[in-house]
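Worth saying up front: this structure is predicted, and the values here are computed from it rather than measured.
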Amino acid sequence: MNPLTEMIEGATDSKWSHCGIVVRDHREWKVLEAIGPVKTTDLDEWINRSRENRFSVFRFRSEDLKYIPQFIESAQTYLGLPYDIQYEWDDSKIYCSELLYKAFDRVSGIKLGKMQKVEELNWRPYEYLIRQLNQGKLPRERELITPRAITESSEVIQVYPE
C-alpha cells in the first residue's frame, strides 16, 4: 500500500481511499476519476488497481437519479485538472471525493457527505506526511470531503457488495 492510501484510510478510519464515477462511454464502462489529471479510466483497469481487486458500488437514492446526466457532465468539466495532493478547496486542482462532491452540488444543490476539518480526522499518525505534502505546514483547519464521507452520505446507498 502506498503512503497516501495508508494515510487516507488511517486518518478516516475507513477502507475507502479513492472514489470515482462509473460512466458508460459508447459500449464500454469507465470510471471518471481524479487520480493524476482528472480522466476516464477503463473499469477493468480501475478495479485491477485496487487492493485485491476489491471495490464497492454506491448509487444515488431513487429521487436523485434524475441528476445523473447533469452530474456526469458537471464532473467532466474538471477533465484534465491535476490531482490536488494538498486537498485544498479550490478548482485549480482537484481530488477524488472533491470531484464527486462539487459536481453533484453544482447540479442538485445537495451536499454529498459532510465536510470535515483535518483536525477532526485521525491525523496525528500521519503528521509527517501531511507536513511533507503541505510544505511543512499542518493545515488543521482545512476543510475537506473524504471518500468515507461520500459513502456515508444519505444521498447514496451501497449496492455492491451487499
Side-chain angles (χ1 to χ4, degrees), residues 1-23 29-60 71-72 74-76 78-105 111-162:
M1 176 172 18
N2 75 45
L4 188 59
T5 299
E6 186 177 321
M7 178 185 70
I8 294 167
E9 291 177 0
T12 62
D13 189 29
S14 171
K15 61 184 175 183
W16 292 289
S17 59
H18 188 57
C19 54
I21 305 165
V22 177
V23 296
W29 289 105
K30 302 204 180 240
V31 178
L32 179 56
E33 63 176 333
I35 186 156
V38 177
K39 65 178 188 166
T40 56
T41 303
D42 290 332
L43 180 59
D44 289 340
E45 178 184 335
W46 195 83
I47 292 169
N48 289 334
R49 191 183 335 119
S50 69
R51 189 173 328 127
E52 299 173 10
N53 294 343
R54 291 182 309 175
F55 65 96
S56 299
V57 178
F58 290 79
R59 286 201 158 164
F60 288 114
F71 170 58
I72 293 168
S74 178
Q76 288 171 332
Y78 295 96
L79 283 168
L81 285 180
Y83 187 79
D84 186 357
I85 199 77
Q86 287 85 32
Y87 304 98
E88 297 177 306
W89 201 251
D90 64 24
D91 288 344
S92 62
K93 298 177 286 183
I94 197 155
Y95 58 94
C96 64
S97 41
E98 179 186 19
L99 174 68
L100 277 65
Y101 185 96
K102 286 183 173 180
F104 193 67
D105 184 34
K111 308 300 183 205
L112 193 57
K114 179 181 177 269
M115 298 282 292
Q116 294 174 281
K117 292 180 180 182
V118 170
E119 68 182 9
E120 296 175 72
L121 304 174
N122 180 28
W123 61 268
R124 284 179 179 82
Y126 310 98
E127 181 175 355
Y128 176 77
L129 181 57
I130 294 168
R131 286 184 184 278
Q132 195 175 29
L133 297 172
N134 289 278
Q135 295 76 44
K137 298 177 186 156
L138 182 61
R140 292 177 56 175
E141 293 293 317
R142 181 171 296 154
E143 288 193 316
L144 45 81
I145 189 74
T146 67
R148 177 181 176 175
I150 298 287
T151 68
E152 292 176 346
S153 169
S154 61
E155 304 306 313
V156 299
I157 52 173
Q158 186 170 353
V159 295
Y160 179 87
E162 296 184 60

- Task: Start with the C-alpha distance between Glu6 and Leu129, add both sets of side-chain angles, then the distance that settles side-chain contact (heavy atoms from CB on, under 4.5 Å), and finish with yes or no.
- Result: CA-CA 11 Å; Glu6 186 177 321; Leu129 181 57; over 6 Å; no
- Message: What verdict does the side-chain contact (heavy atoms from CB on, under 4.5 Å) test give for Val23 and Gln76, after you've listed the backbone C-alpha separation in whole Å, the side-chain angles of each residue and the deciding distance to 0.1 Å?
- Response: CA-CA 11 Å; Val23 296; Gln76 288 171 332; 5.5 Å; no
- Arg142, CZ atom: more than 12 neighbouring heavy atoms under 6.0 Å: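 Count over threshold, so yes.
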Approximate separation, where rounding is to 0.5 Å, of [X] [atom1] and [Y] [atom2]:
X	Y	atom1	atom2	answer
Lys93	Glu88	NZ	CD	5.5 Å
Gln135	Gln132	CD	CD	10.5 Å
Thr12	Leu121	OG1	CG	7.0 Å
Phe71	Leu32	CZ	CG	8.0 Å
Glu98	Asp91	CD	CG	6.5 Å

If you take all heavy atoms of [X] and [Y], which pair is closest and at what distance?
X	Y	answer
Ile150	Val156	O-CG2, 3.4 Å
Tyr83	Cys96	CE1-N, 4.0 Å
Glu9	Lys15	OE2-O, 3.6 Å
Leu99	Ala75	CD1-O, 3.7 Å

- Got Ser56 and Thr151 here, is their nearest side-chain heavy-atom distance under 4.5 Å?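 SC-SC contact between Ser56 and Thr151 ruled out.
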- Message: In the structure I gave you, are the side-chain heavy atoms of Met7 and Leu133 within less than 4.5 Å of one another anywhere?
- Response: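 Yes; the side chains approach each other to less than 4.5 Å.
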Main chain of [Y], side chain of [X]: is a donor-acceptor contact present, judged purely on distance under 3.5 Å?
X	Y	result
Ser97	Ile145	yes
Glu45	Asn48	no
Asn2	Leu4	yes

- Message: With ring-ring contact (aromatic ring centres under 6.0 Å, His included) as the test, pick out the partner of Tyr95 among Tyr101, Tyr87, Tyr78.
- Response: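 In the set Tyr101, Tyr87, Tyr78, the residue that makes a ring-ring contact (aromatic ring centres under 6.0 Å, His included) with Tyr95 is Tyr87.
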- Message: Check whether Trp89 forms a cation-pi arrangement with Lys102 (NZ or CZ under 6.0 Å from the six-membered ring centre, at most 45° off the ring normal).
- Response: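 Satisfied, under 6.0 Å and within 45°.
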- Task: Check the pair Thr146 / Ser14 against side-chain contact (heavy atoms from CB on, under 4.5 Å), numbers first and verdict last.
- Result: CA-CA 10 Å; Thr146 67; Ser14 171; over 6 Å; no
